[in-house]
Structure formats: C-alpha cells, structure tokens
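What follows is one structure encoded as structure tokens, with my remarks underneath.
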There are 2 protein chains.
Amino acid sequence: MARRTKEEAQETREQIIDAAELVFHRKGVARSSLNDIAQQAGVTRGAIYWHFKNKQDVFAAMLERHRLPTEALSQRAEDPSESDPLGRFRDLLISVLQRTVRDPGHRRVFEILFYKCEFTDQTAPLMQRVQESYLDGGAKVRRTLGNAIERGQLPATLNLGRAVTQLHVQMTGLLYTWLLLPGSFDLDREAADFVDSYIATLRYCPTIAGEGAHTPPGGLDP
Amino acid sequence: MARRTKEEAQETREQIIDAAELVFHRKGVARSSLNDIAQQAGVTRGAIYWHFKNKQDVFAAMLERHRLPTEALSQRAEDPSESDPLGRFRDLLISVLQRTVRDPGHRRVFEILFYKCEFTDQTAPLMQRVQESYLDGGAKVRRTLGNAIERGQLPATLNLGRAVTQLHVQMTGLLYTWLLLPGSFDLDREAADFVDSYIATLRYCPTIAGEGAHTPPGGLDP
DNA sequence: GTATACATACATCCAAGAACGTATGTATAG
DNA sequence: CTATACATACGTTCTTGGATGTATGTATAC
C-alpha cells in the first residue's frame with residue numbers, strides 16, 4: 001500500500017480516531033499504545049505518526065471531533081429573540097442527557113473523560129481545554145438564564161452565579177453518577193424530571209432564587 | 001541499612017503511601033513509576049516490593065487509608081435514636097465538603113480519583129470498590145432519610161430512591177466541579193447553602209418530595 | 001544471660017519486554 | 001518529477017518483576 005487520494009487519507013485519519021476511541025475506552029488512555037490503535041484501525045504506526053504528532057495529539061483530535069456538535073447544540077438556546085428561552089434550555093439539557101444514554105460514541109467519550117484518562121502537568125493543555133469548555137458553557141448558560149429572566153420565566157432576584165454553578169454540578173454529577181452505575185437509575189426516562197427539578201430549584205430555593213421570592217408557605221429552614 | 005523494628009517498618013509503609021499520594025497527584029497514577037515513589041519516600045524499590053505487591057496494591061492501600069475515616073463519619077447520622085437525624089445528616093454533608101477544601105491530603109485523594117487515575121478492566125477490583133462505596137453510602141443515606149421521615153422532618157411521600165441518587169449527583173458534582181475550577185466558587189463558604197438547597201429540594205420539589213406535598217403557591221411546571 | 005536459629009526489612013542487581021520516536025523505503029497521486 | 005501517504009526497520013529509553021545479598025530484630029533454648 002502506498003499513496004492514496006486526499007479523500008482516502010482523510011478517511012484513514014477518521015479511522016484512526018475511531019480506533020483510538022475504542023481502544024482508549026477498552027484499555028484506558030495510558031495503557032493504550034499507538035500500536036494497539038494502529039492494529040484496531042488496520043494501519044501501522046507509521047500512518048498514525050503521519051497524521052498526528054503523538055498519542056496526546058490523537059487524544060486531542062478525538063475530543064475536538066466530539067466537542068463541535070455538542071457546542072452547536074447550545075447555540076439555539078441563547079438567542080435573545082427566542083420567546084421561550086427556558087423551554088429551549090430545558091430541551092437542550094434533556095437532549096444532552098438522553099444523547100449520552102442513547103449514542104454509544106457520545107457515551108464512550110464521556111466515559112473516557114471521566115474514568116479512562118489522566119490529567120497531569122504533561123497534559124495541561126487538555127485540562128485547560130476542558131476548563132475553557134466549562135467556562136464557555138457557563139457564559140452561554142448565563143446569557144440564556146438572563147433571557148429567561150427578561151421574559152419573566154425566572155425570578156429577577158436569581159443568583160446567576162450560583163445558578164450556573166448548580167447547573168454544572170447537576171449535569172456533571174448526573175453523567176458521572178449514571179456512567180459509574182448505569183443500573184442505579186433510568187437516566188433516559190428520568191432525564192426530564194431531573195432537569196425540571198433543577199429549574200424548580202432556580203425558582204423556589206431561597207439560596208439560589210433570591211431571598212423572599214416565591215418562598216413556599218411552610219418556609220424552607222429547619 | 002537493614003532490619004528495623006516493627007514500628008519503624010510500619011512507619012516506612014506509611015511513608016511509602018504518603019509518597020505515592022504526592023507522586024500520583026503530581027504525575028498521574030499511570031506515569032508514576034515505583035522508582036519515582038521510592039525516591040520520594042527516601043527508600044528503594046525493594047522496600048516498596050516488600051510492603052506491597054505492585055503499584056496497584058500501593059494505590060489500593062492509599063484509598064483504603066482514606067476510606068476508613070470517611071466511613072466512620074457517616075455512622076453518627078444513621079443512628080435511629082438520634083432525635084435530629086436530618087440535622088446530623090446536614091452537618092455530615094457540610095463537613096465532607098469543607099474537609100475537602102481544608103484538608104490537603106483529603107483533597108489530593110479526591111483529585112487523584114477524579115482526574116489522575118484510569119479505571120479499566122485491569123483495575124476492575126478498584127472500580128468495584130468505588131462502586132460498592134457508592135452503594136454502601138446510598139444504603140446509609142436511605143436509612144438516615146427514613147429516620148428523618150419518621151421524625152417528621154421530611155415528607156412521608158418522599159421518593160427515597162431519587163433522593164439518594166440526587167444526593168450522589170449533588171455531592172459528586174460539587175466536588176468534581178470545584179476541584180476542576182476551584183476559583184469558580186467558594187465551596188468552603190457556600191457549602192451550607194448547597195446542602196440546604198438539596199434539603200429544600202427533598203421537601204418541596206414535586207419530582208422528589210412526592211406529588212402534591214408542600215407544593216408552593218405558584219405551581220412548579222412551566 | 002547469652003548463644004543460636006530464623007524471620008524480617010530492606011538494598012542491589014539483572015534480564016526482558018514494551019513503547020516510543022525517528023530514519024528510511026516505496027509506490028502512487030498530482 | 002516530486003510531494004504525499006503511508007509501511008518497515010532500528011536504536012533507545014523506561015519500567016517491571018524477580019533473584020539475590022545482607023544486616024539486624026526477635027524468639028527460643030540452655
């Protein structure tokens with residue numbers, strides 16, 4: 001085998017990333033050798049070194065390929081002209097959760113990120129990428145919740161910072177917990193309930209919604 | 001150097017675990033060699049192989065040393081004769097969060113578990129250990145919440161299974177998120193607020209507290 | 001009390017394999 | 001013809017597990 005067309009070369013690159021995803025998921029990133037990935041992809045290490053600098057570069061490419069479709073989703077919710085921003089937001093959150101359950105590739109990448117890779121000084125740029133992803137997401141969420149307040153869907157006294165933090169907590173916690181023990185609850189079926197529970201917290205929990213706003217009759221403190 | 005007393009040997013063992021904790025945290029578990037750990041501990045690899053079977057055994061010992069004090073804490077809350085089980089429970093949760101912020105060793109172990117180790121088929125027993133830890137914790141929480149219902153501190157209609165899941169989600173999410181971006185919020189100061197927010201959810205959120213119980217005047221659905 | 005016998009607690013040394021990065025070969029697309 | 005898209009071959013570096021050496025603690029016999 002030798003030189004192929006540009007399209008075929010691009011295909012090879014994708015195959016390598018596919019293979020890396022499978023091998024990383026099976027053996028963990030550290031214990032996966034480039035030879036393992038090459039074998040899984042049906043090429044030799046030479047091909048990998050042609051397309052990528054090293055294993056970390058393959059890993060980064062895998063994350064990048066996964067990040068783009070996810071970020072595209074979040075664009076819809078933060079449109080200021082959307083008349084039901086909270087509804088769009090709710091749909092988005094539910095779809096992320098259900099997609100993780102239903103799409104094996106999506107799920108694999110999350111499992112790799114949570115359980116099958118190590119972030120160290122060596123992989124600092126990757127850690128930064130994940131952190132930026134969190135911060136970017138936080139900014140988007142902040143805008144979306146701001147729109148929801150404008151439309152009267154959330155109390156004006158909402159503690160935005162805490163609402164964003166609590167969203168990260170809830171989504172990260174849900175995915176981490178379910179991926180650890182997929183049998184402990186039915187995430188696909190209960191996704192909407194968990195999201196609605198979060199939204200209810202934004203409206204009625206005094207430490208997030210703001211003191212005095214919409215407090216239920218019984219009071220909230222012990 | 002040669003044979004030392006039993007006490008000194010035990011000290012050496014602890015030093016090795018201390019060293020492993022530091023090295024694992026600095027380089028990640030996979031990239032840490034037994035030589036790295038030995039150097040950090042001021043011994044040779046021979047000493048490590050005397051006390052432990054291999055690197056994974058060191059890792060397991062590190063987790064074990066960390067698990068015991070944490071489990072001891074949770075015993076207090078689930079005593080049926082406790083008159084304020086929910087209060088004890090609240091104290092426990094807050095202390096776990098604040099301990100993670102304040103105790104560097106505690107924090108290091110969590111950071112290693114979340115970000116600096118890989119769970120694979122190879123390390124299946126460790127993964128199982130973590131899973132069992134979750135399940136055991138869930139059972140304890142279930143008993144504690146049951147006591148709180150007995151005492152009228154939580155609604156009798158409480159969906160216990162979801163309450164336990166939501167607790168795992170909340171605590172795991174909080175620790176994971178804060179350890180990823182310690183600057184994004186002040187966990188030490190806000191720990192009580194987050195815990196109270198969770199408890200409020202148990203009381204007033206219809207998808208967890210049970211339909212119809214304590215629903216605030218505005219209703220909860222969009 | 002002390003000599004003996006053995007277990008303990010390491011240090012040192014060695015052989016083997018794995019994985020990496022690079023250098024080089026090669027056939028084909030452009 | 002030349003750059004491309006790989007395959008192949010090679011040398012080097014780490015790490016591991018175990019084998020071996022050794023000096024001391026400790027229990028027992030006398």
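Not measured: the values here are computed from a predicted model. Note on naming: letters A, B, ... go to the chains in the order of the sequence lines (proteins, then strands), and numbering restarts at 1 for each one.
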*Nearest whole angstrom, please: distance from the P of D/dA7 to the CD1 of A/I48.*
9 Å

*Given atom CD1 of B/I37 and atom P of D/dT15, what is their separation to the nearest angstrom?*
11 Å

_Under a 4.0 Å threshold between the charged nitrogen and the carboxylate oxygen, would B/D196 count as salt-bridged to B/R90?_
yes

*Are side-chain heavy atoms of B/F24 and B/K116 found at a separation under 4.5 Å?*
no

*Rounded to the Å, how far apart are B/N54 CG and D/dG17 P?*
6 Å

*State whether the side chain of A/Y198 and the backbone N or O of A/A163 hold a donor-acceptor pair below 3.5 Å, judged by distance alone.*
yes

*Check the distance between C/dA18's P and A/D36's CG and give it to me in whole angstrom.*
11 Å

_Nearest to side-chain heavy atoms of B/A9, which nucleotide of C/dC10, D/dT15, C/dG21_ = C/dC10

*Is any NZ, NE, NH1 or NH2 atom of the basic residue among B/E64 and B/R67 found under 4.0 Å from an Asp or Glu carboxylate oxygen of the other?*
yes

_Measure CD/B/E14 against P/C/dC10 and give the value in whole Å, please._
13 Å

*Could you check which of C/dG21, C/dA11, D/dA7 has an atom nearest any side-chain atom of A/V43?*
D/dA7

*asked:* I need the CG-P distance between B/L34 and D/dG17, as an integer number of Å.
replied: 7 Å

_Nucleotide of C/dA9, D/dC6, C/dC13 approaching B/R45 most closely (side-chain heavy atoms)_ = C/dC13

*asked:* With a cut-off of less than 4.0 Å, is there a side-chain N or O of A/Y49 near OP1 or OP2 of C/dT22?
replied: no

_Could you tell me how far apart A/W50 (CH2) and D/dA3 (P) are, to the nearest whole angstrom?_
11 Å

*Taking 4.0 angstrom as the limit, do A/R162 and B/D193 come out as a salt bridge?*
yes

*What integer distance in Å separates A/N35:CG from C/dA19:P?*
8 Å

*Between B/T12 and C/dA9, does any side-chain N or O lie under 4.0 Å from OP1 or OP2?*
no

_Selection from C/dC10, D/dT8, D/dG17 that lies nearest to any side-chain heavy atom of A/T44_ = D/dT8

*Looking at A/H51, does any N or O in its side chain come under 4.0 Å of the phosphate oxygens OP1/OP2 on D/dA5?*
no

_Along DNA chain C (nearest heavy atom to each residue), the more 5'-positioned of B/Q10 and A/K55_ = B/Q10

